[in-house]
Trainee: 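Let me begin by handing over the structure; questions about it come next.
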Amino acid sequence: MAGTKALLTLENFINGKFVPCNSYIDSYDPSTGDVYCRVPNSGKEEIDAAVEAARAAFPGWSARSPQERSQVLHRLADLLEQSLEELAQAESRDQGKTITLARTMDIPRSVQNFRFFASSILHHTSECTQMDHMGCLHYTVRAPVGIAGLISPWNLPLYLLTWKVAPAIAAGNTVIAKPSELTSVTAWMMCKLLERAGVPPGVVNIVFGTGPRVGEALVSHPEVPLISFTGSQPTAERITQLSAPHCKKLSLELGGKNPAIIFEDANLEECIPTTVKSSFANQGEICLCTSRIFVQKSIYSEFLEKFVEATRMWKVGIPSDPSASMGALISKAHLEKVRSYIKKAQMEGAQILCGEGVDTLHLPHRNQAGYFMLPTVITDIKDESCCMKEEIFGPVTCVVPFDSEEEVIQRANSVKYGLAATVWSSNVGRIHRVAKKLQSGLVWTNCWLIRELNLPFGGMKSSGVGREGAKDSYEFFTEIKTITIKH
Ligand SMILES: NC(=O)C1=CN([C@@H]2O[C@H](COP(=O)(O)OP(=O)(O)OC[C@H]3O[C@@H](n4cnc5c(N)ncnc54)[C@H](O)[C@@H]3O)[C@@H](O)[C@H]2O)C=CC1
Ligand SMILES: N/C(=C\C=C\C(=O)O)C(=O)O
């Protein structure tokens with residue numbers, strides 16, 4: 001382990017200044033298992049200071065025109081883009097994802113989040129209705145809510161943090177963000193760019209630390225009327241409990257147990273590589289990843305053989321290897337949790353076709369203690385198995401056969417989650433029918449993770465409450481008022 005002096009030490013960012021903390025948490029490099037960074041272990045005191053800064057900054061920031069705020073967001077996007085390589089290297093080291101994914105997805109999308117909301121904020125209109133027989137005109141106005149509390153997870157650190165910060169400040173709120181304690185580095189790097197982008201002190205405050213300590217202090221603060229959260233369902237429950245006495249506005253973007261439904265008329269040449277990607281991208285650590293693959297019986301054997309062959313080509317490597325498709329999982333505890341699901345499946349009599357326990361993973365000597373595992377395909381598994389019901393959030397996917405359209409819809413819907421589904425078929429009528437009946441906030445047909453940021457993003461059932469996207473985020477981050485004028 002490196003000595004304390006060599007460790008990267010982060011600081012909170014409050015009222016436009018970096019502020020040290022009196023206690024720190026160790027943060028690990030997932031590719032080696034070594035501590036390489038110290039993250040502030042903040043609590044109520046730091047939240048109180050951030051609330052004071054955000055409160056003081058609110059009148060000035062909210063009074064600016066959307067055009068002025070938009071320019072600031074554009075400048076921040078430009079600065080992030082200029083630092084793309086540095087941010088990608090940091091994200092890959094901190095999270096364990098491949099440098100290629102950080103370069104081509106995480107950081108470009110973070111830049112796009114600011115550009116997108118810088119533009120969309122200029123195009124909202126409000127409603128007006130006439131009531132001539134009463135001599136009245138009614139119209140609506142929107143205003144920013146105030147101080148927004150933003151809590152983000154470790155899987156897509158800067159990508160999901162900026163997906164919340166950008167719409168919140170574009171709409172005129174000030175924010176207090178709490179990134180995951182496991183992946184705080186790129187948020188801290190972004191703070192270094194805020195002043196140059198023209199973000200006034202107190203508009204964006206970032207307070208680091210654990211969920212139970214600083215996260216709960218943020219959620220419980222009476223002057224933070226709104227919480228936007230992405231993460232697990234148990235944490236969402238806790239946030240809901242803490243928010244209830246204050247009637248806070250909540251946006252909860254949670255997990256999934258996402259089905260891929262593959263009909264016999266699917267184009268397997270496109271379907272197989274995309275389904276490998278949808279199962280294992282970012283080590284399977286994306287809430288949208290596929291983890292239940294239903295394949296129509298007539299093509300089941302062919303699919304399985306080709307899918308396992310393609311999975312074996314999905315190279316696990318050290319995150320800095322540009323040829324790697326998959327890096328390390330986020331933590332030792334998470335790796336153990338993911339492995340425990342595979343063990344449970346084996347005990348239930350399922351077959352592991354490739355990956356964990358079947359194939360050998362070769363790693364350089366210095367990465368032997370890293371949190372790596374091979375992408376794993378499970379079959380001969382019952383729909384009732386925990387591997388088919390619970391979110392594993394790792395590189396594990398189950399493949400099972402089905403007979404009919406009606407049957408597969410019922411089985412796909414038979415879990416508590418309802419976030420994202422993919423449907424593969426060349427029959428347009430069938431695609432429409434199935435997509436409509438799936439209990440899922442998002443349905444991708446013959447593709448995966450093609451995002452249109454204008455349209456609603458979010459899940460049904462235990463996958464969340466509320467939607468994010470141009471109009472939805474604007475509505476969430478503003479309060480609406482109806483005004484009646486009698487003339
Ligand atoms: N987007 C998603 O769907 C995600 C799902 N997960 C799921 O959750 C599982 C556990 O991962 P975790 O990192 O523990 O997720 P988590 O839900 O505990 O963490 C997400 C964020 O919430 C914060 N948090 C935790 N407890 C809190 C509390 N009591 N009050 C306020 N904030 C709190 C964390 O510090 C982090 O910033 C994963 O294995 C995965 O299944 C995890 C991350 C993202
Ligand atoms: N919320 C998550 C992914 C979102 C992706 C997107 O907005 O494109 C997640 O994995 O938690």
Side-chain angles (χ1 to χ4, degrees), residues 25 39 41-43 47 95 97 105-106 108-110 112-113 116 149-164 166-167 176-184 187 206-221 224 227-243 250-258 278 281-289 291 329-331 333-338 340-341 390-394 396 417 419-420 441-442 444 448-453 455-459 462-464 467-469 472-473:
I25 311 160
V39 174
N41 184 14
S42 317
I47 290 294
Q95 206 276 340
K97 66 179 72 223
M105 186 180 84
D106 289 75
R109 173 60 192 277
S110 308
Q112 194 194 356
N113 286 340
F116 176 78
L150 312 177
I151 301 182
S152 50
W154 46 257
N155 55 330
L156 302 170
L158 194 63
Y159 176 136
L160 291 177
L161 174 75
T162 53
W163 179 238
K164 296 183 187 304
I176 302 174
K178 194 215 81 68
S180 168
E181 63 277 25
L182 302 177
T183 53
S184 296
I206 302 207
V207 182
F208 299 101
T210 66
R213 193 151 182 257
V214 73
E216 293 202 6
L218 176 59
V219 174
S220 311
H221 201 291
V224 178
I227 301 290
S228 172
F229 168 77
T230 299
S232 67
Q233 202 240 347
T235 302
E237 264 180 57
R238 179 74 185 135
I239 288 175
T240 306
Q241 284 163 358
L242 294 171
S243 302
L250 292 181
S251 168
L252 305 172
E253 209 283 283
L254 315 177
K257 190 70 199 169
N258 309 310
S278 71
N282 203 47
Q283 302 75 240
E285 296 167 332
I286 303 181
C287 63
L288 309 165
C289 277
S291 59
L329 275 70
I330 184 66
S331 66
H334 190 55
L335 176 66
E336 278 162 12
K337 176 182 146 187
V338 174
S340 75
Y341 275 100
E390 295 171 19
E391 183 178 52
I392 301 177
F393 218 63
V396 179
Y417 293 108
L419 184 56
L442 303 146
W444 279 290
W448 178 69
L449 199 43
I450 297 181
R451 290 279 280 111
E452 155 57 298
L453 304 186
L455 296 187
F457 177 94
S462 291
S463 290
R467 294 291 186 271
E468 297 172 328
D472 298 271
S473 298

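Note that ligands are numbered from 1 as they come in the structure, with each ligand's atoms numbered from 1 the same way. Keep in mind that this is a model prediction, so the values were computed, not measured.
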Trainee: Just which atoms of ligand 2 are under 4.0 Å from any heavy atom in Arg109?
Mentor: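 Per the distance check, 6 (C), 7 (O), 8 (O).
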Trainee: Suppose I only count heavy atoms of Trp154 and a 4.0 Å limit; which atoms of ligand 1 are within that range?
Mentor: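 What qualifies from ligand 1 is 11 (O), 12 (P), 13 (O).
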Trainee: I need the nearest protein heavy-atom contact for atom 1 (N) of ligand 2: residue, atom name and distance, please.
Mentor: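 That would be Glu253 OE1, 2.4 Å.
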Trainee: Taking only heavy atoms of Leu288 into account, list the atoms of ligand 2 that are under 4.0 Å away from them.
Mentor: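 By the 4.0 Å cutoff, the relevant atoms are 5 (C).
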Trainee: Any N/O of Glu253 closer than 3.5 Å to an N/O of ligand 1?
Mentor: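 It does not: no N or O of Glu253 is found under 3.5 Å from an N or O of ligand 1.
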Trainee: Can you check whether a protein heavy atom sits less than 4.0 angstrom from atom 19 (O) of ligand 1?
Mentor: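 Under 4.0 Å from atom 19 (O) of ligand 1, zero protein heavy atoms found.
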Trainee: Which of the atoms of ligand 2 are close to Leu160, meaning less than 4.0 Å from one of its heavy atoms?
Mentor: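 Every atom of ligand 2 under 4.0 Å from some heavy atom of Leu160: 1 (N), 2 (C), 3 (C), 4 (C), 9 (C), 11 (O).
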Trainee: Taking Glu181 for the side chain and Ile25 for the main chain, is one N or O donor matched with an acceptor at less than 3.5 Å?
Mentor: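 Side chain of Glu181 to backbone of Ile25, a donor-acceptor pair under 3.5 Å: no, none is there.
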Trainee: Among protein heavy atoms, which lies nearest atom 2 (C) of ligand 2, and at what distance?
Mentor: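 Ranking protein heavy atoms by distance from atom 2 (C) of ligand 2, first comes Cys287 SG, 3.0 Å.
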Trainee: Does Thr210 offer a backbone N or O that forms a donor-acceptor pair with the side chain of Asn41 under 3.5 Å?
Mentor: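 Not a single qualifying donor-acceptor pair exists.
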Trainee: Please work out whether the ring planes of Trp163 and Phe116 are parallel, tilted or perpendicular, with thresholds of 30° and 60°.
Mentor: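 Taking Phe116 first and then Trp163, their aromatic rings sit tilted (interplane angle of 30° to 60°).
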Trainee: Would you mind running through ligand 1 and noting each atom that sits below 4.0 Å from a heavy atom of Cys287?
Mentor: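 Listed by number with element, the hits are 1 (N), 2 (C), 3 (O).
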Trainee: May I ask which of Phe393, Phe457, Trp154, Tyr159 has a heavy atom nearer to atom 8 (O) of ligand 2 than the others do?
Mentor: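 Closest candidate by heavy-atom distance is Tyr159.
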Trainee: Tell me whether Ser463 contacts the main-chain N or O of Gly255 through its side chain, where contact means a donor paired with an acceptor under 3.5 Å.
Mentor: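 Checking the backbone N and O of Gly255 against the side chain of Ser463, a donor-acceptor pair under 3.5 Å is found.
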Trainee: If you measure every N/O of Ser152 against every N/O of ligand 1, is any gap under 3.5 Å?
Mentor: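 Yes; at least one N/O pair falls below 3.5 Å.
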Trainee: Of all the atoms in ligand 2, which lie at a distance below 4.0 Å from a heavy atom belonging to Leu156?
Mentor: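 Reading through ligand 2 atom by atom, the close ones are 3 (C), 10 (O).
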Trainee: Please work out whether any backbone atom (N, CA, C, O) or any side-chain heavy atom from C-beta onward of Leu160 is under 4.0 Å from ligand 1, and answer side chain, backbone, both or neither.
Mentor: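 Within the 4.0 Å criterion, Leu160 makes no contact with ligand 1.
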Trainee: Thr230 heavy atoms, cut-off 4.0 Å: which ligand 2 atoms fall inside?
Mentor: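 Listed by number with element, the hits are 1 (N), 11 (O).
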Trainee: Is there a heavy atom in Lys337 that sits closer than 4.0 Å to ligand 1?
Mentor: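 Checking ligand 1 against Lys337, which is what was asked, there is a heavy-atom contact under 4.0 Å.
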Trainee: Would you mind checking which non-hydrogen protein atom is closest to atom 15 (O) of ligand 1, with the distance to 0.1 Å?
Mentor: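 Here the nearest protein heavy atom works out to Ser232 OG, 3.8 Å.
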Trainee: Return the CG to CD1 distance between Leu252 and Ile239, rounded to the nearest 0.5 Å.
Mentor: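 If we round to the nearest 0.5 Å, Leu252:CG and Ile239:CD1 are 7.0 Å apart.
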Trainee: Any nitrogen or oxygen of Glu391, main chain or side chain, under 3.5 Å from a nitrogen or oxygen of ligand 1?
Mentor: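 Yes.
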Trainee: Any atoms of ligand 1 less than 4.0 Å from a non-hydrogen atom of His334? List them with their elements.
Mentor: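 Answer, ordered by atom number: 39 (O).
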Trainee: To which of Asn155, Thr235, Leu242 does the heavy atom nearest atom 27 (C) of ligand 1 belong?
Mentor: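 The option holding the nearest heavy atom is Thr235.
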Trainee: Would you call Arg238 and Glu216 a salt bridge, taking side-chain N to carboxylate O under 4.0 Å as the test?
Mentor: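 Answer for the salt bridge query: yes.
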Trainee: Using heavy-atom distances, let me know which of Tyr417, Phe229, Phe393 sits nearest atom 5 (C) of ligand 1.
Mentor: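 Going through Tyr417, Phe229, Phe393 one by one, Phe393 has the nearest heavy atom to atom 5 (C) of ligand 1.
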Trainee: Can you tell me how far CG of Asn155 sits from CG of Asp106, rounded to the nearest 0.5 angstrom?
Mentor: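 One finds 9.0 Å between CG of Asp106 and CG of Asn155.
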Trainee: When you measure from atom 7 (O) of ligand 2 to every protein heavy atom, which one gives the shortest distance, and what is it?
Mentor: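 Protein heavy atom with the smallest distance to atom 7 (O) of ligand 2: Arg451 NH2, 3.0 Å.
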Trainee: Within the 4.0 Å heavy-atom shell around Glu216, which atoms of ligand 1 are there?
Mentor: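 Once the distances to Glu216 are compared, the set is 28 (C), 29 (N), 30 (N), 31 (C).
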Trainee: Please identify which atoms of ligand 1 are closer than 4.0 Å to at least one heavy atom of Leu254.
Mentor: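 Going through ligand 1 atom by atom, the ones under 4.0 Å from Leu254 are 3 (O).
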Trainee: Check each atom of ligand 2 against the heavy atoms of Ile286 and keep those under 4.0 Å away; list them by number with element.
Mentor: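 Those qualifying, in numeric order: 10 (O).
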Trainee: Would you say Ser220's side chain and Ala217's backbone share a donor-acceptor pair under 3.5 angstrom?
Mentor: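 It does not hold such a pair.
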Trainee: Within the distance-only criterion (no hydrogens, no angle test), does the side chain of Lys178 pair as donor or acceptor with the backbone N or O of Gly209 below 3.5 angstrom?
Mentor: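 Judged by distance alone, yes, a pair lies under 3.5 Å.
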